[in-house]
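Note that the coordinates shown come from a computational prediction; the quantities given were computed from them, not determined experimentally. Every heavy atom of this structure was used, including side-chain atoms; hydrogens, water molecules and symmetry mates were not.
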Amino acid sequence: MDKLSLDEKVDLLIENGIRILNKAYALEKKPVDMGHGVLLYPSEFHLIETAGKNPAENLTSISSRLGVTKGAISQMVKKLEKKGLVKKVRVPGNKKDVMLELTDFGREAFEWHKSLHESMEAGIRKELEGMSSSEMETFLRVYGYLERMLDRCMERYR
């Protein structure tokens, strides 16, 4: 890797990034059955996860955490309500704010997804343990730049 020019390293980083994004995009389109005959998409699991971890947050806050529009959250919530995983709850004394509450089935999906992430995170943790603080800071800085770049692209093409 040291023998590559900066341009070659940038090209390699972008090429790898595009490949990773394409794989993630393909995975987002594949529903999963936890064993109950109900198909759940990764985006639905992520909404369940966010609602489960942040039960006091309203739908606007959840949409911001996930980086999607309020309209997209509303559509997902409707689907998850029909599947019996979540229910909307009005905030007492506030007619505007709506929060999500996981049903028993929703909590089961939350735990299933949590265990999946724990196994994936173990591998990532092992890789990160071999990095110095400086390498980690660089990695996070580049990751942050990539996110800001994608944000600018999304703004440009709205």
Side-chain angles (χ1 to χ4, degrees), residues 1-70 72-73 75-77 79-80 83 85-86 99-158:
M1 182 71 92
D2 288 338
K3 295 182 181 186
L4 297 176
S5 70
L6 181 57
D7 286 344
E8 290 169 322
K9 290 176 183 177
V10 169
D11 287 345
L12 190 59
L13 180 67
I14 291 171
E15 183 180 302
N16 287 347
I18 289 169
R19 186 172 49 254
I20 290 167
L21 289 172
N22 286 335
K23 288 178 180 182
Y25 182 70
L27 273 175
E28 283 293 313
K29 293 182 170 209
K30 292 187 183 220
V32 175
D33 182 352
M34 299 180 336
H36 296 285
V38 176
L39 295 177
L40 294 171
Y41 288 86
S43 57
E44 293 172 325
F45 275 114
H46 294 146
L47 176 54
I48 290 166
E49 175 188 29
T50 303
K53 285 182 174 178
N54 307 283
E57 290 192 2
N58 63 24
L59 294 181
T60 300
S61 180
I62 289 172
S63 70
S64 178
R65 276 188 184 275
L66 291 172
V68 297
T69 65
K70 288 186 275 185
I73 289 295
Q75 288 178 354
M76 265 194 283
V77 167
K79 290 177 185 176
L80 290 173
K83 293 177 182 183
L85 290 126
V86 300
M99 298 185 318
L100 287 182
E101 186 175 293
L102 299 181
T103 63
D104 289 342
F105 186 29
R107 280 189 287 285
E108 184 181 338
F110 175 82
E111 291 301 325
W112 186 91
H113 187 251
K114 181 180 171 185
S115 67
L116 176 69
H117 270 261
E118 285 170 354
S119 67
M120 290 182 346
E121 289 169 9
I124 293 170
R125 192 170 284 107
K126 186 176 178 183
E127 289 293 324
L128 295 178
E129 285 172 352
M131 294 175 106
S132 68
S133 293
S134 159
E135 289 172 317
M136 185 63 166
E137 287 173 20
T138 300
F139 181 75
L140 290 172
R141 191 173 62 246
V142 171
Y143 234 53
Y145 172 78
L146 291 172
E147 183 178 16
R148 291 188 303 278
M149 181 184 69
L150 290 172
D151 288 343
R152 285 192 303 270
C153 288
M154 288 172 64
E155 286 295 319
R156 185 180 306 148
Y157 298 114
R158 281 190 184 186

Closest non-hydrogen atom pair between [X] and [Y], with its separation:
X	Y	value
L102	G52	CD1-CA, 3.7 Å
L40	K83	CD2-CD, 3.8 Å
K70	T60	CD-OG1, 3.4 Å
K29	Y41	O-CE2, 3.3 Å

State, with a plain yes or no, whether a side-chain heavy atom of [X] is found less than 4.5 Å away from one of [Y].
X	Y	value
H113	H46	yes
F45	H117	no
D11	E8	no
L100	I48	no
L47	V77	yes
L116	V32	no

- Do other residues, nucleotides or ligands put more than 12 heavy atoms under 6.0 Å from the CE atom of M120?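 For M120, atom CE is crowded (more than 12 foreign heavy atoms under 6.0 Å).
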Rounded at 0.5 Å granularity, tell me how far [atom1] in [X] sits from [atom2] in [Y].
X	Y	atom1	atom2	value
E101	R107	CD	CZ	7.0 Å
E121	K114	CD	NZ	10.5 Å
Q75	I73	CD	CD1	10.0 Å
T103	L80	OG1	CG	9.5 Å
L66	T50	CG	OG1	4.0 Å
E28	E44	CD	CD	10.0 Å

- Message: Please determine whether side-chain hydrogen bond (donor to acceptor under 3.5 Å, both in side chains) holds for the pair N22 and R19, giving the CA-CA distance in whole Å, both sets of side-chain angles, and the decisive distance to 0.1 Å.
- Response: CA-CA 5 Å; N22 286 335; R19 186 172 49 254; over 6 Å; no
- Message: Test: salt bridge (Lys or Arg N to Asp or Glu O under 4.0 Å). Region: residues 45-64. Which pairs qualify, not counting sequence neighbours?
- Response: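 For residues 45-64, and leaving out neighbouring residues, the salt bridge (Lys or Arg N to Asp or Glu O under 4.0 Å) pairs sorted by first residue read E49-K53, E57-R65.
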- Message: Test: side-chain hydrogen bond (donor to acceptor under 3.5 Å, both in side chains). Region: residues 134-152. Which pairs qualify, not counting sequence neighbours?
- Response: S132-E135
